[in-house]
Amino acid sequence: MSPDCIFCKIANKEIPSNFIYEDENVVAFNDLNPQAPVHFLVIPKNHYSSLNDINDKKVFGDIFSAIPKITEKLGIKEYRTVVNTGASAGQTVFHIHVHVMSGREFTWPAG
Ligand code: 5GP
Ligand code: ZN
């Protein structure tokens, strides 16, 4: 838990949120400012500032194994996953999160 981290507060239920998924290690919730008809974030309950900060490989499995469970529940088969690492890559919240977006066409390369 990092005291000023908004996603820690969400994960710890200090800020009420509607989780679309929760297990022992991760939670998922809809993005406040969605960039697609479906846009949710998957975060570990433990605080890691970014991908560069993860010192336990299990965290990757915890996050990425949750995603197909959630998309299956939502009836989604195709989706974009994004992890922004560092400000110049677009990271604005420094608690690692995976964006999962669906419901429209996506272009590549990402802007
Ligand atoms: P980043 O730019 O760090 O990759 O993504 C941060 C994401 O978190 C943004 O898409 C932003 O809309 C979302 N976000 C920021 N604050 C909150 C919040 O308090 N609640 C929710 N649900 N999403 C948030
Ligand atoms: Zn945090």
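FYI, the numbering just counts along the sequence from 1. Ligands are counted one by one from 1 in listed order, and the atoms in each one are counted from 1 as well. Computation of the quantities below employed the complete heavy-atom set of this structure, encompassing side-chain atoms and omitting hydrogens, waters and symmetry-equivalent molecules. Worth saying up front: this structure is predicted, and the values here are computed from it rather than measured.
Closest approach between the Zn ion (ligand 2) and any N/O/S atom of His47 involves ND1. Restricting His95 to its N/O/S atoms, the shortest distance to the Zn ion (ligand 2) is reached by ND1.
Ion pair Lys13/Glu22 flagged as a salt bridge, since at least one NZ, NE, NH1 or NH2 atom sits closer than 4.0 Å to an Asp/Glu carboxylate oxygen.
Side-chain N or O atoms of Lys73 include none that pairs as donor or acceptor with a backbone N or O of Pro68 at under 3.5 Å. Listed for the His97 side chain is a donor-acceptor partner under 3.5 Å among the backbone atoms of His95. In this structure, the side chain of Arg80 engages the main chain of Thr107 through a donor-acceptor pair within 3.5 Å.
Using a heavy-atom distance under 4.0 Å as the criterion, the protein contacts of ligand 1 are Ile6, Phe7, Ile10, Phe29, Asn30, Asp31, Leu32, Asn33, Leu41, Asn84, Gly90, Gln91, Thr92, Val93, His97, His99.
Under the 4.5 Å side-chain criterion, counting only non-hydrogen atoms from C-beta, His99 is not in contact with Val83. Using a 4.5 Å heavy-atom cutoff, the side chains of Ile96 and Phe7 are not in contact.
Taking both residues in full, the closest heavy atoms of Ala28 and Phe40 are given as CB-CD1, 4.2 Å, listed atom of the first, atom of the second, then distance.
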